[in-house]
Amino acid sequence: MTALFVDEYPAEARLVKAAFLSSFIAFGIGALFGIIQALHRTDIFRFIDSIKYYTVLTGHGVFLVIAFTIFFLVGLYQWAVTDSLERGPVDIRFTWFWYGLMAIGSFLAAISILAGFLEQPPMVLGAELRANVLFTFYAPLEANPLYYIGLALFLVGTWLAGIDWFRTWWAWRDENPGERIPLRTFMVLTTMIMFFLGSVGVIVSVLVFILPWSLEITESLNPLLTRTLFWFFGHMIVYFWLLPAYLLWYTVLPKLSGGRLFSDPLARVVFILFVLLSTPVGIHHQYMDPGIAEGFKFIAMTNTMFLLLPSFLTAFTVVASMEHGARQRGGEGRFNWLQALPWRNPAFTGMALAGLVFAFGGFTGIVNAGMNINYLVHNALWIPGHIHAQVGTATALTLMAGSYWLVPQLTGNRLVGRQVALFQVVLWFVGIVFMTNSMFRAGLVGVPRRTAEPQYQGFEYDVPVGSMGELNAQLALGGTLLFISAMLFLVLMLLTVFNNDSEPIVDGTLPPALSGPEDSPQVLDNLRLWFGIAFALVVLAYALPLAGIVAQSGLFGQDIPPFPVSSEAVMYLEFGLDYVGALVT
C-alpha cells in the first residue's frame with residue numbers, strides 16, 4: 001500500500017490534526033447554537049431568554065463561518081501543499097507560529113462572545129466583556145475591544161499561513177526549475193491571492209477605525225465606510241469558505257469515483273476566475289444602503305453575474321470526472337452510469353450531495369444578486385436559507401465528507417462506522433432540505449432574519465401554500481436533523497482518532513488528470529499577472545464609491561457614538577424601554 005501522509009510527513013500531519021481539532025471544536029459549539037436558534041425562533045422550545053438569543057446568533061456565525069471553515073481550510077491547505085510539492089514548509093516553527101496566532105485570536109473572540117451568557121460580565125479594557133454584534137459586527141453596535149483584537153490576531157495568522165505556503169512553493173521552485181505548479185498548490189496559492197486582496201478591507205476597518213473607536217482613542221467613525229470595507233471582504237470570504245470544497249471536488253472526488261480529473265487546465269482557469277471576479281462585487285450586499293450611488297450598485301450586479309462562469313465550468317468538469325470514474329467501474333448508458341458510482345462510500349456520497357445542494361443554492365444566489373428582487377428578500381429569512389445551502393452544506397458537508405477520507409491518512413487509523421458515516425451525510429442532506437425549504441418560502445412572505453421574535457401580535461404572514469406553523473415545524477425539524485448529524489460526525493471523528501488498533505484502508509495517491517497541465521498555456525501559472533489584473537479590477541470597482549462615502553460623511557463620520565451591547569442596554573430592552581431615547585435624555 002502507498003505510504004500514508006502521517007508516515008511520510010509526521011511533523012506536518014501533527015499541524016494538520018491540530019487545525020482540524022480546532023475546526024471540529026468550533027463546529028460542535030456552532031452546531032449547538034444552531035439548534036438553540038432553530039427551536040427558539042420557532043417558539044417550540046426556549047433554552048434562553050430572547051435577549052441572550054443574540055449572543056447565540058453571534059456565536060453561531062463566528063464559530064461556524066469563521067472558525068470552523070478557516071481552521072479546516074488551513075489544515076487542508078497545509079496537507080495539499082505538503083503532499084503535492086512532496087516537501088514540508090521552510091521552517092515548521094513558523095508554521096506553528098501562525099497556527100498559534102489563529103488559536104489565540106479565536107480564543108479571545110470566543111470568550112468575548114460567551115461572556116454574553118453571564119448576568120454580569122466582567123469589565124475588560126474599560127468595558128463589559130460582551131460581543132453581541134453578530135457575525136457582521138456593523139457599527140455603531142460595539143463589542144468589547146477584546147473581540148476585535150481576537151479577530152485581528154486570527155486574520156494576521158491566516159495571512160502568515162498564506163505567506164508560509166508561498167515560501168514553501170518558492171523553495172520548491174528553486175529545487176524544480178521550469179516545472180509547472182502542481183494543481184493542489186496552484187489552488188492554494190490562488191485562493192490566498194484572493195484572500196490577501198479581499199481581507200485588506202476588513203483589516204483596515206478593524207485596526208484603523210473600529211478598534212480605536214472601541215478603545216475610545218477616536219470619538220467617532222463612519223458606519224457606511226466600515227460597512228463597505230467589511231463587504232469588500234465579505235463576498236470574497238464566501239469563496240474563501242467555498243474553495244476548500246472545490247479543491248476536494250477537483251482532486252479527491254474524481255479518485256473516489258474511480259477515475260481521474262477531466263481537465264487540469266479548466267480547474268486552473270476556474271481558480272483564476274475566482275481571483276479576478278470574487279472581490280470587486282461586494283457592493284451587491286449593500287443594495288439597501290442609501291449612501292452608495294445606484295450606478296455603482298448596478299455595476300456590482302452586472303459583475304456578479306460573471307461569477308456564474310466558474311460555477312458552470314466546475315459543474316461540467318466535476319460531473320465529467322465522475323462520469324469517467326463510473327465508466328471505468330463498468331457504468332454504461334446515458335444515465336445508467338450513475339448507478340456505478342460508489343454511493344456506499346460516505347466520503348463520495350457526502351461530496352456528491354453537497355455539490356447537488358450547491359447547484360440549487362447557486363440559483364438562489366442569482367436572486368440575491370439582482371437589485372430589484374434583492375430589495376424583496378434582503379432582510380428576510382431567504383438570505384439565511386441561501387447561506388445554509390452554500391456555506392452550511394456545499395462547504396460544511398464537503399469538509400465532513402472529506403474528513404472521512406483524509407483523517408485516516410493523518411492518524412493511520414481506519415475510519416470507524418462507515419455505515420453510520422453514510423447515514424450521517426444523508427441525514428445532513430435531508431435536514432438541510434427541510435430547513436432551506438422553510439427559509440426560502442418564509443423569506444418570500446417577509447419573515448425577517450436576525451431576530452428572536454419573528455412573529456408579532458396582531459399580524460399574520462400571508463403564506464400562499466401551507467401555514468406558518470408548517471414552516472416553523474420544517475425549520476425546527478431540519479435544524480434538529482442537522483444537529484444530530486453534526487454530533488454523529490464528531491463522535492465518528494473522535495472514535496477514529498482513538499482507533500489505533502487497525503490499519504486504514506485508504507490509498508492517499510491522487511491520479512493525474514486526463515488532460516494535464518502540459519495541455520494549458522504557461523501563462524496560467526503567472527500568478528503576478530493575475531494578481532495585477534485583480535488589483536486593477538478592485539481599484540476600478542471601489543475607488544469612486546469609497547471616495548464618495550468619505551466625501552459625504554468624512555473619514556471618521558460625524559459624531560457617531562457607540563451603541564454598546566451592555567447589561568444597561570439589556571436592562572432597557574428587557575423592560576421594553578427606548579434605550580436610544582434614554583441615552584439622549
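It should be emphasised that the depicted structure is a prediction, and the values quoted were computed from it without experimental measurement.
For the atom pair CD (Gln286) and CZ (Phe230), the distance works out to 10.0 Å, reported to the nearest 0.5 Å. Separation of atoms CZ (Arg173) and CZ (Phe166) is listed at 10.0 Å; rounding is to 0.5 Å. Atoms CG and CG, on Asn413 and Leu495 in that order, are 11.0 Å from each other to the nearest 0.5 Å.
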Chi angles and distances behind the side chain to side chain contact (heavy atoms under 4.5 Å, CB included) call for Leu527, Ile181: CA-CA 10 Å; Leu527 300 183; Ile181 307 174; 4.2 Å; yes

Audit row: Phe363, Phe358, ring pair (Phe, Tyr, Trp, His ring centres under 6.0 Å) steps and yes/no: CA-CA 9 Å; Phe363 289 113; Phe358 173 67; 10.0 Å; no

Working for salt bridge (Lys or Arg N to Asp or Glu O under 4.0 Å), residues Arg87 and Glu175: CA-CA 11 Å; Arg87 61 158 295 143; Glu175 298 163 355; 2.5 Å; yes

Full working for side chain to side chain contact (heavy atoms under 4.5 Å, CB included) between Leu276 and Phe306: CA-CA 10 Å; Leu276 301 181; Phe306 288 111; over 6 Å; no

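In terms of modelled atom types and a separation under 3.5 Å, the side chain of Lys255 and the main chain of Leu510 share no donor-acceptor contact. No donor-acceptor distance shorter than 3.5 angstrom exists from the side chain of Trp382 to the backbone of Asn368, with no hydrogens or angles considered. Between the Asp264 side chain and the Ala513 main chain, no donor and acceptor come within less than 3.5 Å of each other. Looking at Tyr287, its side chain does come within 3.5 Å of a backbone N or O of Ala369 through a donor-acceptor pair. When atom types are taken as modelled, the side chain of Ser438 and the backbone of Phe434 share no donor-acceptor pair closer than 3.5 angstrom. For the pair Arg329 (side chain) and Ala340 (backbone), a donor-acceptor distance under 3.5 Å is present. With hydrogens and angles disregarded, a donor-acceptor distance shorter than 3.5 Å links the side chain of Asn526 to the backbone of Leu529. Using a distance-only test at 3.5 Å, with no hydrogens or angles considered, no donor-acceptor pair links the side chain of Asn374 to the main chain of Gly370. Looking at Thr393, its side chain does come within 3.5 Å of a backbone N or O of His388 through a donor-acceptor pair. Of the possible polar contacts, one joining the Thr496 side chain to the Val416 backbone as a donor-acceptor pair under 3.5 Å is found.
Arg184 is not listed as a side-chain neighbour of Val81, based on a closest heavy-atom distance of 4.5 Å or more. Met351 is listed as a side-chain neighbour of Leu248, based on a closest heavy-atom distance under 4.5 Å. Residues Met192 and Trp159 have side chains not in contact (no heavy-atom distance under 4.5 Å, counting atoms from C-beta outward). The side-chain heavy atoms of Ile432 and Val357, taken from C-beta on, include a pair separated by under 4.5 Å. Here the side chains of Leu197 and Phe535 are in contact, with some heavy-atom distance below 4.5 Å. Counting only heavy atoms from C-beta outward, the side chains of Tyr77 and Leu243 approach each other to under 4.5 Å. Taking the side chain as every heavy atom from C-beta outward, Phe429 and Leu356 approach each other to under 4.5 Å. Between Gln78 and Thr95 there is a side-chain heavy-atom pair separated by less than 4.5 Å.
No option in Phe72, Phe195, Phe233 other than Phe195 meets the ring-ring contact (aromatic ring centres under 6.0 Å, His included) test with Phe240. Paired with Met493 under the rule side-chain contact (heavy atoms from CB on, under 4.5 Å), one option of Leu21, Leu488, Leu415, Thr411 passes, and it is Leu415.
Outside the 6.0 Å centre-distance limit, the rings of Phe71 and Phe27 are not counted as a close aromatic pair. Phe135 and Phe63 have their aromatic ring centers separated by at least 6.0 angstrom. Remark: aromatic rings of Phe232 and Tyr542 are close, center separation under 6.0 Å.
Side-chain contact of Ser263 with Thr317: a donor-acceptor pair under 3.5 Å is absent, judged by distance alone. Checking Thr82 against Glu12 by side-chain atom types alone, no donor-acceptor pair falls below 3.5 Å. Side chains of Ser520 and Arg180: a donor-acceptor N/O pair is present below 3.5 angstrom, by distance only. There is a side-chain donor-acceptor pair under 3.5 Å between Trp249 and Thr398. Checking Thr190 against Trp530 by side-chain atom types alone, no donor-acceptor pair falls below 3.5 Å.
Among pairs with a residue in residues 258-285, those fulfilling ring-ring contact (aromatic ring centres under 6.0 Å, His included) read Trp231-His285, His235-His284, His235-His285, Tyr239-Phe274, Tyr246-Phe274, Phe262-Phe316, at least two apart in sequence or across chains.
Tyr99 approaches Ala18 most closely through the heavy-atom pair OH-O, 3.3 Å.
Under a cut-off of 6.0 angstrom, the local environment of OH in Tyr375 is crowded, with over 12 non-hydrogen atoms contributed by other residues, nucleotides or ligands. Around atom CD of Glu86, no more than 12 heavy atoms belonging to other residues, nucleotides or ligands sit under 6.0 Å away. With a 6.0 Å radius and a threshold of 12 heavy atoms from other residues, nucleotides or ligands, Glu518 has its CD atom above the threshold.
Every salt bridge (Lys or Arg N to Asp or Glu O under 4.0 Å) that Arg327 has, sequence neighbours left out, goes to Glu323.
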